[in-house]
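All remarks here apply to the structure that follows.
Because only heavy atoms are used, hydrogens play no part in the values below, and waters and symmetry mates are left out as well, while side chains stay in.
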Amino acid sequence: MNRAVKILSGVLAVLAIALCVGILLTVIGWPVGEPRMQELLLKIRRFPTVFLTLAVAFVIGAIGVFLLYGLFAEHFTRKTAATIERNALGETGISFSALEHLVNSVVQKHADVRSSKTKVTAIGDSVKITVCAVTSPTVSLLAMTHALQDEIAARIQAICGISVGKVDITIDQTEEPDTRSRI
């Protein structure tokens, strides 16, 4: 994301949260005590606008929190490697290209798969694997994709110890099986 967009989003998020807190403090008052809360509940019954104002404040605050989460969640996305282990001496990781090679080896073991491309991304300590495959139309695509998802997740977990968050498989196209002519 562009740096200016990030800064603008952060400023808008902080302003939204500040507006939410300001509205809540204006409506509820400060300091908040039991008599003040009872008075507020009576106002809400009489004046629906107070209730509406509180609802708008919570929506604005939620939008601000969502914007901040979006900014910081992207920051924690790993770009080059997935973490296998963290200990006192450092961090052990495996590159995405090595994971992609491992996933391709699992996919290519299926006789019905003609070719495949994989992409591995990670957020935190889990990985998301995307596989695009070309296969034969004679096989049950649903059964094959379920089997591939299970095998890929099990293989990555067994070999690397990395938790697999998601395995997306897309069948790009199907090719006719090789037919040999009879003489």
Side-chain angles (χ1 to χ4, degrees), residues 1-10 12-13 16-17 58-183:
M1 201 182 324
N2 190 347
R3 186 179 183 106
V5 173
K6 285 183 179 181
I7 292 171
L8 182 61
S9 296
L12 288 175
I17 293 171
F58 281 117
V59 168
I60 290 171
I63 290 171
V65 169
F66 180 74
L67 281 172
L68 285 176
Y69 173 76
L71 289 173
F72 290 113
E74 182 184 334
H75 177 71
F76 292 111
T77 302
R78 295 188 177 261
K79 304 285 188 215
T80 57
T83 300
I84 294 175
E85 180 185 32
R86 289 188 182 102
N87 58 29
L89 297 175
E91 183 176 290
T92 304
I94 184 167
S95 71
F96 290 156
S97 61
L99 287 173
E100 289 170 0
H101 180 71
L102 185 61
V103 171
N104 269 331
S105 69
V106 171
V107 173
Q108 293 299 323
K109 285 183 182 179
H110 279 269
D112 297 316
V113 175
R114 303 288 185 248
S115 64
S116 66
K117 291 185 281 185
T118 61
K119 181 179 179 187
V120 177
T121 55
I123 297 176
D125 291 336
S126 68
V127 292
K128 176 185 174 193
I129 300 168
T130 306
V131 177
C132 294
V134 176
T135 185
S136 169
T138 60
V139 68
S140 167
L141 297 178
L142 188 59
M144 185 188 73
T145 55
H146 285 301
L148 279 174
Q149 287 172 327
D150 292 340
E151 288 176 29
I152 290 169
R155 183 82 182 252
I156 296 293
Q157 181 66 38
I159 291 178
C160 304
I162 297 172
S163 64
V164 177
K166 194 172 186 184
V167 179
D168 293 334
I169 298 180
T170 303
I171 304 299
D172 279 343
Q173 64 185 16
T174 57
E175 290 182 349
E176 291 300 320
D178 294 335
T179 56
R180 296 184 180 162
S181 60
R182 296 171 121 184
I183 299 181

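- Legend: side chain to side chain donor-acceptor pair (under 3.5 Å) pairs involving residues 101-112, not counting sequence neighbours, sorted by first then second residue: N104-S116, Q108-S116, H110-E151.
- Under the side-chain contact (heavy atoms from CB on, under 4.5 Å) criterion, V164 pairs with V127, I129, A153, I156, V167, not counting sequence neighbours.
- When the salt bridge (charged side-chain N to carboxylate O under 4.0 Å, His left out) test is applied to K119, no partner is found at least two apart in sequence or on another chain.
- Shown here are the side-chain contact (heavy atoms from CB on, under 4.5 Å) partners of A62, two or more places apart in sequence or in another chain: there are none.
- Side-chain atoms of M144 and I169, non-hydrogen and from C-beta on, never get closer than 4.5 Å to each other.
- Note that OG1 of T135 and CZ of R114 are 6.5 Å apart. Values are rounded to the nearest 0.5 Å.
- K128 pairs by the side-chain contact (heavy atoms from CB on, under 4.5 Å) definition with T121, T130, K166, D168, not counting sequence neighbours.
- Counting only residues at least two apart or on different chains, no salt bridge (Lys or Arg N to Asp or Glu O under 4.0 Å) pair has a member in residues 97-106.
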_L99 and I162: CA distance, side-chain angles, deciding distance, side-chain contact (heavy atoms from CB on, under 4.5 Å) verdict_ = CA-CA 10 Å; L99 287 173; I162 297 172; 4.2 Å; yes

